[in-house]
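One structure below.
All ligand and atom numbering here is 1-based and tracks the order in the structure. We're numbering straight along the sequence, starting at 1.
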Amino acid sequence: MSNFIEDIISDDLKSGRCKEVVTRFPPEPNGYLHIGHVKSICLNYYGTAVKFGGRFNLRFDDTNPAKEDDEFVRSIIDDVKWLGADTTRILFASDYFDKMYECAVLLIKKGKAYVDDMSAEEVRLTRGTLTEPGKESKNRDRPIEESLKLFEDMKNGLVPDGALILRAKIDMSSPNINMRDPVIYRVLHEEHHRQGNKWCIYPMYDFAHPIEDAVEGITHSICTLEFEDHRPLYDWIVRECEFKDPPHQYEFARLSIQRTIMSKRYLKKLVDSGAVDGWDDPRMPTIAGLRRRGYTPSSLIDFCEKIGVSKANSEVETGLLESCIRDELNITAERAMAVLDPVRLVIVNRDDNYSEELDFEINPTAGDGETRKITISNELYIERSDFEITPPPKFKRLVLGGTVRLKGAYIIKAVGYETDGDKVTLVKAEIIEGTKSGEDNSGIKVKGVIHWVNAKDCIDVEARMYDYLLLDVDEKVDFSERMNPDSLKVLSAKAERYLASAPKGKSYQFLRQGYFCRDSKSEKPVFNLVVSLKDSYKK
Ligand code: ATP
Ligand code: MG
C-alpha cells in the first residue's frame with residue numbers, strides 16, 4: 001500500500017507538476033543524528049528519491065552559527081553514508097547566504113519587508129494571540145529607501161546584536177500567527193563554521209529554508225507536522241522571492257519511541273554532562289550509538305518501513321525497533337558461548353589431560369549444518385543461575401543428583417558442590433557415558449540444555465548489559481528525573497576462545513543470553529548487548 005507522500009508524488013509526476021522528484025534531508029549541524037532522523041532519511045531517500053528514480057540532496061541547514069560545529073557535519077555525513085543514502089550532493093545552506101540577502105533586498109524593494117527596531121521580546125509581546133490580532137510596529141511603513149539603507153548597515157556590521165531586525169510585511173491580523181510580520185533576518189556577530197566572519201546578519205529558519213529548497217530545485221520538501229502552520233509562510237516566501245517552479249512543503253508525523261529521547265538538544269546535554277560516554281554511547285538513540293550497539297542499516301531501514309508514514313503523531317513501542325534487529329541477527333549471527341556470571345564446574349570422571357574436540361553448529365537458523373570446533377576439558381564454567389542448591393518449582397537445569405545437557409557436548413549429572421557462605425564456588429559433575437551430542441543413543445531424557453565454556457582455554461571478556469536510558473514512568477516528567485540509574489551493568493564474563501578473534505563491530509548470538517556486538521572502540525574484548533533473545537513485541 002502506498003503512503004500519502006507517494007500518492008502526491010505519483011500525481012505530480014502524472015500531472016507534469018514535476019518531471020523528476022528531488023528531495024533533501026536538511027539537518028542542522030548542531031548535534032549527532034538520531035533515530036528520528038533515520039525516519040526522515042528513509043522517507044526522503046529510499047521512500048521517494050529511490051522509489052521514483054529522482055535525486056536526493058544532503059543539505060546542511062547551517063544558518064545558526066552559534067550552535068554549529070564541523071564535528072557534527074562530519075558525523076552526519078558518516079551516518080547518512082552508513083545508512084546507504086546518496087551523499088554525492090552534500091550542500092550547505094550557508095553557501096546561499098548571498099542569494100538569501102538578495103531575496104531580502106528584493107522583498108524590501110517590493111515593499112514586502114521592513115527594518116524594525118523591536119527586541120525579540122517586543123516582537124513576541126506585540127504578536128497577538130490566537131484570538132487577538134497583533135499590533136503593527138511603528139516602523140511598518142518605514143520608507144523603502146530607509147529600510148534598504150538600514151539593512152545594508154546591518155550587513156556591514158554597523159549595528160549591534162539585536163538592535164535591528166528585518167521583518168516580512170505580511171499581515172498583523174492574520175489568523176495564522178506565523179504570517180504576522182515574521183522576523184526574517186537578525187544581527188548576530190558570530191563566526192560561522194564555513195563563512196568565518198563574512199556575515200554578521202543571519203536569516204531565520206522560516207525565511208532561509210524555502211529559499212534553500214528553491215535554489216536546489218527541490219520538488220517535495222518533506223518536514224514534520226509542527227511546520228504545517230508555517231506552510232503559508234513558506235509559500236509566501238517562494239512566491240514573493242519570485243522563484244520559478246517553486247518547491248512545495250508536505251508534512252508527516254515525526255517519530256517518537258517510548259522511553260527514547262528524541263531531541264538533539266537534550267542528547268547534547270547528556271553528552272556534555274557526562275551522563276553517557278559520548279554521542280556514540282550504545283545507549284544513545286543516535287545513529288552512532290545504535291551502530292556501536294550493533295544495529296545495522298538494514299534493520300533500521302526495515303524499522304522505518306514497518307512504522308510507515310502518516311499524518312497522525314503516535315508513539316512507537318521500543319519492542320518494534322528491537323524486533324527488527326533481533327529478526328535480522330537471528331538469520332545472520334554466528335552462535336557462540338559465553339558465561340556472563342560464571343561458576344566453576346569440574347568433571348570428576350575425567351582427568352586433567354582430558355581434552356576433546358566437539359562440533360558446534362554455527363547457525364541453526366541458516367539450516368546449512370555448518371559447524372566449527374570447540375574444545376571441552378575437565379574444567380568448565382557454567383552460568384551461576386544454572387545450578388541451584390534449593391531449586392524453585394519447575395527448575396529445569398542442574399540440581400544435585402540431577403542431569404542436564406551441556407550444549408553440543410554430553411549429559412552431565414551433578415554429584416557435589418562447594419560453597420563459601422551462601423555462594424556456590426564449585427560444582428562437581430560427571431559425564432554420563434554414551435551421551436555425546438549427535439551420537440547419543442542412551443535414551444536418557446534431560447529437561448534442560450545449558451551453555452558452558454572451557455575454563456582451560458576461555459577468554460575474559462567484558463559484557464556491557466544495556467537497559468533504556470529512561471525509566472518507564474509518566475511521560476510528562478522531565479527527562480532529568482526519568483534517568484534510569486541501571487541503564488548500564490558491566491559484567492566480567494568468560495567466553496569461548498573463538499571470540500578472541502571477533503572483529504570489531506561483529507555481532508554474535510551468545511546462546512541463551514542474547515545478541516552481543518564486539519565493541520568497535522575498545523581494544524580489549526568488550527561485547528555490547530544488542531538485544532535480548534526474548535521477543536516481547538506482539539507482531
Ligand atoms: P532535534 O529537535 O532533534 O534537533 P530537528 O528537527 O531540530 O530535531 P534537524 O537537524 O532540523 O533536527 O532535522 C533534520 C530533519 O530531520 C528535519 O527535516 C526534521 O523534520 C527531521 N526530523 C527530526 N526529528 C525527527 C523525528 N523525530 N522524526 C522524523 N523526522 C525528524
Ligand atoms: Mg530543526
Identify, by atom number and element, the atoms of ligand 1 in contact range of [X], meaning under 4.0 Å from any of its heavy atoms.
{"X": "Ser263", "answer": "3 (O)"}
{"X": "Met262", "answer": "3 (O), 27 (N)"}
{"X": "Ser40", "answer": "16 (O), 21 (C), 30 (N)"}
{"X": "Pro27", "answer": "10 (O), 14 (C)"}
{"X": "Phe252", "answer": "29 (C), 30 (N)"}
{"X": "Phe25", "answer": "14 (C), 15 (C), 16 (O)"}
{"X": "His34", "answer": "3 (O), 24 (N)"}

Is ligand 1 less than 4.0 angstrom away from at least one heavy atom of [X]?
{"X": "Arg265", "result": "no"}
{"X": "Phe227", "result": "no"}
{"X": "Thr224", "result": "yes"}

Worksheet item: Minimum heavy-atom separation for Ile165 to Met118, with atom names?
Response: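 Closest approach of Ile165 to Met118: CD1-O, 3.7 Å.
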Item to complete: Grab the two heavy atoms, one from Gly294 and one from Ile325, that are nearest each other, plus how far apart they are.
Response: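 Where Gly294 meets Ile325 most closely, the heavy atoms are O-CD1, 3.6 Å.
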Discussion item. I'd like to check Glu242 versus Leu106 (side-chain heavy atoms, cut-off strictly below 4.5 Å). Are they in contact?
Written reply: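 Yes; the side chains approach each other to less than 4.5 Å.
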Discussion item. Can you confirm whether the side chains of His220 and Asp12 place a donor and an acceptor under 3.5 Å from each other?
Written reply: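 Distance-only check passes for His220 and Asp12.
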Worksheet item: Are side-chain N/O atoms of Thr318 and Arg259 paired as donor and acceptor at under 3.5 Å?
Response: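 Note: Thr318 and Arg259 side chains miss the donor-acceptor criterion.
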Worksheet entry | Side chain, backbone, both or neither: Ser256 near ligand 1, heavy atoms under 4.0 Å |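 No part of Ser256 comes within reach of ligand 1.
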Practice prompt. Look at atom 16 (O) of ligand 1 and find which of Arg254, Arg24, His37, Glu251 reaches it with the closest heavy atom.
Written response: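 Comparing heavy atoms across Arg254, Arg24, His37, Glu251, the nearest one to atom 16 (O) of ligand 1 lies in His37.
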Worksheet item: When you check the gap from the basic side-chain N to the acidic O, do Lys99 and Glu102 get nearer than 4.0 Å?
Response: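 The answer is yes: the pair qualifies as a salt bridge.
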Worksheet item: Any donor-acceptor pair under 3.5 Å linking the side chain of Lys155 with the backbone of Ile201?
Response: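 Checked: no pair found.
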Any N/O of [X] closer than 3.5 Å to an N/O of ligand 1?
{"X": "Leu255", "result": "yes"}
{"X": "Lys264", "result": "yes"}
{"X": "Glu28", "result": "yes"}

Discussion item. My understanding is that only one of Tyr515, Phe510, Tyr466 makes a ring-ring contact (aromatic ring centres under 6.0 Å, His included) with Phe527; could you say which?
Written reply: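 So the option named by the test is Phe510.
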Worksheet entry | Residue among Tyr45, Tyr46, Phe25 satisfying ring-ring contact (aromatic ring centres under 6.0 Å, His included) with Phe56 |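 Passing option: Tyr45.
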Worksheet item: Between Phe97 and His192, is the gap from one ring center to the other below 6.0 Å?
Response: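 So the answer is yes for these two rings.
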